[in-house]
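Structure, as structure tokens:
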Amino acid sequence: MAGFDLQQKQQQSQVQVLSQQQIQSLSILSLGTDELRDAVYEEAERNPALIVKNAGRKKERVTSVKVGSATLAGLQASENYQNALEAKADTRQSLQDCLLEQLNMMRLSDAEYAIGEKLIGNLDSKGCHILAPVSLLDKNDSSQTEEVLFKCLTLIQRFEPVGTCVKNIEESLAVQASVRKDCPFAARFILDGHFDFLNPPQVDKILKKIKDYQKERKVLFGVQVAEPFIDMNVTEQDVSEALAFIRTLDPYPARNYSAQDVHYIQSDVSVVRLGEALEENFDKGIVTVNDISWKVSLSNDFSFDMEINPAYTRNSQNMSEKDKSVIQDGIKRAESFIASIEMRQNTVLRACCLIVKRQHGFFEKGPGNLIPLKQVDIANIMGVHESTISRMANSKYIECEWGLFDIKYFFVNAVSEDVSKDRILQEIGKIMEEHKGDGKKLSDQKISDILKERGITIARRTVAKYRSSL
């Protein structure tokens with residue numbers, strides 16, 4: 001055809017084709033602990049060559065029996081009664097539905113409502129947080145600030161039943177006390193960070209602990225102490241009234257609501273601070289930074305024990321070639337599956353060790369101490385593709401002394417050069433604390449100038465936004 005010059009050319013290009021083994025390994029890597037357990041049992045059902053000795057602990061009801069105080073008939077009757085109770089449908093309203101009804105009656109911004117919904121959906125059957133609330137914020141939505149989060153927390157905590165959407169029983173009791181006009185001052189003090197004074201709940205011992213605390217604070221801070229309670233003369237009568245008041249509070253305000261809509265999240269990885277510095281060893285889950293060591297462990301709820309069916313590996317001389325082929329195929333699939341599981345466990349453990357290593361400030365001091373960290377940073381250190389780290393972080397959670405966090409929470413973009421939002425918030429808080437006694441309020445521009453001197457360059461308006469969240 002005129003005008004067209006048809007020529008044959010040879011071009012060389014590299015195309016990576018994933019093997020079936022790689023595809024399976026990446027798929028298993030994406031699974032959370034519960035999904036992984038299901039996948040193991042499903043594979044064992046499909047492939048007789050794979051034997052599962054153990055794939056995680058199953059929650060079972062355990063009945064404690066005191067021998068000698070009950071007859072066999074009595075124990076059977078008790079068991080039947082328990083079974084009847086468990087079989088009876090729970091028709092009560094769920095805690096989540098109750099709180100959402102009240103949330104819907106409030107006049108809230110889109111950001112406040114979105115965070116409120118997340119907080120309510122993040123509660124367990126006791127009304128306590130499952131994931132740490134700060135981890136629920138959408139990092140890509142600038143309207144979802146920690147200030148808005150605190151406002152929503154305070155709001156929901158005062159919904160009926162008062163004292164849910166809290167960290168623990170202590171915080172629940174403190175919230176309940178804060179809305180009661182008849183709360184004695186000594187009770188308010190005890191519930192505000194001194195809950196351990198109640199152990200044991202004896203008036204004389206509680207009073208002694210309070211007196212010792214007052215004396216210690218005066219020695220430490222002298223006349224500059226900013227705690228009005230320190231100078232109060234607390235008597236046995238005050239402590240007795242406080243103890244009586246605390247006993248009127250409900251440690252489990254969510255007990256009268258159905259737990260049928262509660263979905264539990266379990267940790268895939270635990271991080272525990274050790275009492276001594278050990279030599280770093282990622283293979284054993286030991287991470288050490290600045291003479292502080294952490295033990296990183298995979299969840300105890302999934303400790304697999306799988307093997308190839310011994311019957312499949314015995315002498316098969318009398319089998320037909322077709323049967324031999326089927327058996328060999330089953331063995332290969334079982335070996336491939338076991339290798340994929342081991343790859344998943346090793347990848348998760350090593351990646352989480354690296355996260356602890358890079359974000360050691362958070363694991364040492366808590367929220368507000370994250371530094372910029374991208375998934376590609378961990379991928380480069382491990383020598384894998386970024387998508388592998390993305391799959392590793394998918395639907396998995398780390399539990400540490402600061403709460404339960406989505407693994408993705410630890411990947412933080414930089415706000416200013418290599419400085420994270422958490423670091424900036426921490427520095428602004430330090431500056432405000434350092435200049436608290438100056439007698440005049442620091443301007444946003446002044447804080448911006450001080451931050452610049454410390455190597456953090458951000459605009460005055462950014463300071464104002466972050467300052468408001470503090």
Using a 3.5 Å distance criterion without hydrogens, assess whether the side chain of [X] forms a donor-acceptor pair with backbone atoms of [Y].
X      : Y      : value
Lys205 : Leu198 : no
Thr164 : Gly127 : no
His129 : Leu131 : no
Gln102 : Glu160 : yes
Asp268 : Tyr397 : yes
Gln375 : Ile389 : no
Asn346 : Glu342 : yes
Asn309 : Leu50  : no
Asp124 : Lys126 : yes
Ser172 : Asn168 : no

[Y] and [X], any side-chain heavy atoms less than 4.5 Å apart:
X      : Y      : result
Gln176 : Asp250 : yes
Phe363 : Arg273 : no
Gln144 : Leu149 : no
Tyr257 : Asp97  : no
Ile115 : Leu136 : no
Thr347 : Leu29  : yes
Pro253 : Val162 : no
Met306 : Ile51  : no

Nearest non-hydrogen partners of [X] and [Y], listed with the distance:
X      : Y      : value
Leu349 : Gly285 : CD1-CA, 4.3 Å
Cys152 : Glu112 : SG-O, 3.3 Å
Ile206 : Pro200 : CG1-O, 4.0 Å
Ala177 : Leu191 : CB-CD1, 3.6 Å
Ser25  : Ser340 : OG-OG, 3.0 Å
Leu103 : Gly116 : CD2-C, 3.9 Å

Working note: Ser178 + Arg158, criterion side-chain hydrogen bond (donor to acceptor under 3.5 Å, both in side chains); need CA distance, chi angles, decisive distance, verdict.
CA-CA 9 Å; Ser178 69; Arg158 284 152 180 76; 3.1 Å; yes
Can you name the salt bridge (charged side-chain N to carboxylate O under 4.0 Å, His left out) partners of Asp38, sequence neighbours left out?
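Listed in chain order: nothing, the list is empty.
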Glu335: salt bridge (charged side-chain N to carboxylate O under 4.0 Å, His left out) partners, not counting sequence neighbours
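If we apply the salt bridge (charged side-chain N to carboxylate O under 4.0 Å, His left out) test to Glu335, skipping adjacent residues, there are no hits.
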Derivation and outcome, side chain to side chain contact (heavy atoms under 4.5 Å, CB included), residues Ile355 and Val296
CA-CA 10 Å; Ile355 289 173; Val296 182; over 6 Å; no
Test of ring centre spacing under 6.0 Å for Tyr213 and Phe189
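Between Tyr213 and Phe189, the centre distance is under 6.0 Å.
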Are Phe410 and Phe362 close enough that their ring centers fall under 6.0 Å?
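Aromatic pair counts; centres sit under 6.0 Å.
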Starting at [atom1] of [X], measure out to [atom2] of [Y] and round the result to the nearest 0.5 Å.
X      : Y      : atom1 : atom2 : result
Leu123 : Leu99  : CG    : CG    : 6.5 Å
Ser297 : Lys295 : OG    : NZ    : 4.5 Å
Asn256 : Leu95  : CG    : CG    : 10.5 Å
Cys352 : Leu298 : SG    : CG    : 8.0 Å
Tyr252 : Cys128 : OH    : SG    : 9.0 Å
Leu249 : Cys183 : CG    : SG    : 7.5 Å

Set out, in order, the CA-CA distance, both residues' side-chain angles and the distance that settles side chain to side chain contact (heavy atoms under 4.5 Å, CB included) for Gln345 and Ile28, then state yes or no.
CA-CA 10 Å; Gln345 304 296 74; Ile28 288 176; over 6 Å; no
Counting only heavy atoms not in Lys209, do more than 12 fall under 6.0 Å of its NZ?
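Counting neighbours around NZ of Lys209, more than 12 heavy atoms of other residues, nucleotides or ligands fall under 6.0 Å, so yes.
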Inspect the surroundings of CG in Asp196 and state if more than 12 heavy atoms from other residues, nucleotides or ligands are less than 6.0 Å away.
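It does: Asp196 CG has more than 12 such atoms within range.
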Going through the checks in order, is the side-chain hydrogen bond (donor to acceptor under 3.5 Å, both in side chains) test met by Ser390 and Glu386?
CA-CA 6 Å; Ser390 177; Glu386 183 181 353; over 6 Å; no
Assess the residue pair Tyr113 and Asn104 against the criterion (side-chain hydrogen bond (donor to acceptor under 3.5 Å, both in side chains)); give the C-alpha distance rounded to whole Å, side-chain angles, the decisive distance to 0.1 Å, and a yes or no.
CA-CA 8 Å; Tyr113 187 81; Asn104 289 330; 2.6 Å; yes
Give the intermediate values and the outcome of side chain to side chain contact (heavy atoms under 4.5 Å, CB included) for residues Trp294 and Val272.
CA-CA 5 Å; Trp294 289 270; Val272 178; over 6 Å; no
Check whether the side chains of Ser270 and Glu399 place a donor and an acceptor atom closer than 3.5 Å, and report yes or no.
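Short answer, no.
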Tell me yes or no: between the side chains of Glu35 and Ser395, is some donor less than 3.5 Å from an acceptor?
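No, no side-chain donor-acceptor contact under 3.5 Å.
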Salt-bridge contact Arg333-Asp329 (side-chain N to carboxylate O under 4.0 Å):
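Asp329 and Arg333: salt-bridged.
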Less than 4.0 Å between a side-chain N and a carboxylate O, is that true for Asp138 and Lys118?
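The answer is no: the pair does not qualify as a salt bridge.
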Carefully, step by step, assess Glu279 and Thr288 under the rule side-chain hydrogen bond (donor to acceptor under 3.5 Å, both in side chains).
CA-CA 7 Å; Glu279 183 179 354; Thr288 300; over 6 Å; no
Quick one: which residue pairs count as a side-chain hydrogen bond (donor to acceptor under 3.5 Å, both in side chains) with a foot in residues 350-368, not counting sequence neighbours?
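side-chain hydrogen bond (donor to acceptor under 3.5 Å, both in side chains) check on residues 350-368 returns Glu280-Lys357.
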Full working for side chain to side chain contact (heavy atoms under 4.5 Å, CB included) between Met106 and Phe159:
CA-CA 11 Å; Met106 308 299 296; Phe159 284 171; 3.9 Å; yes
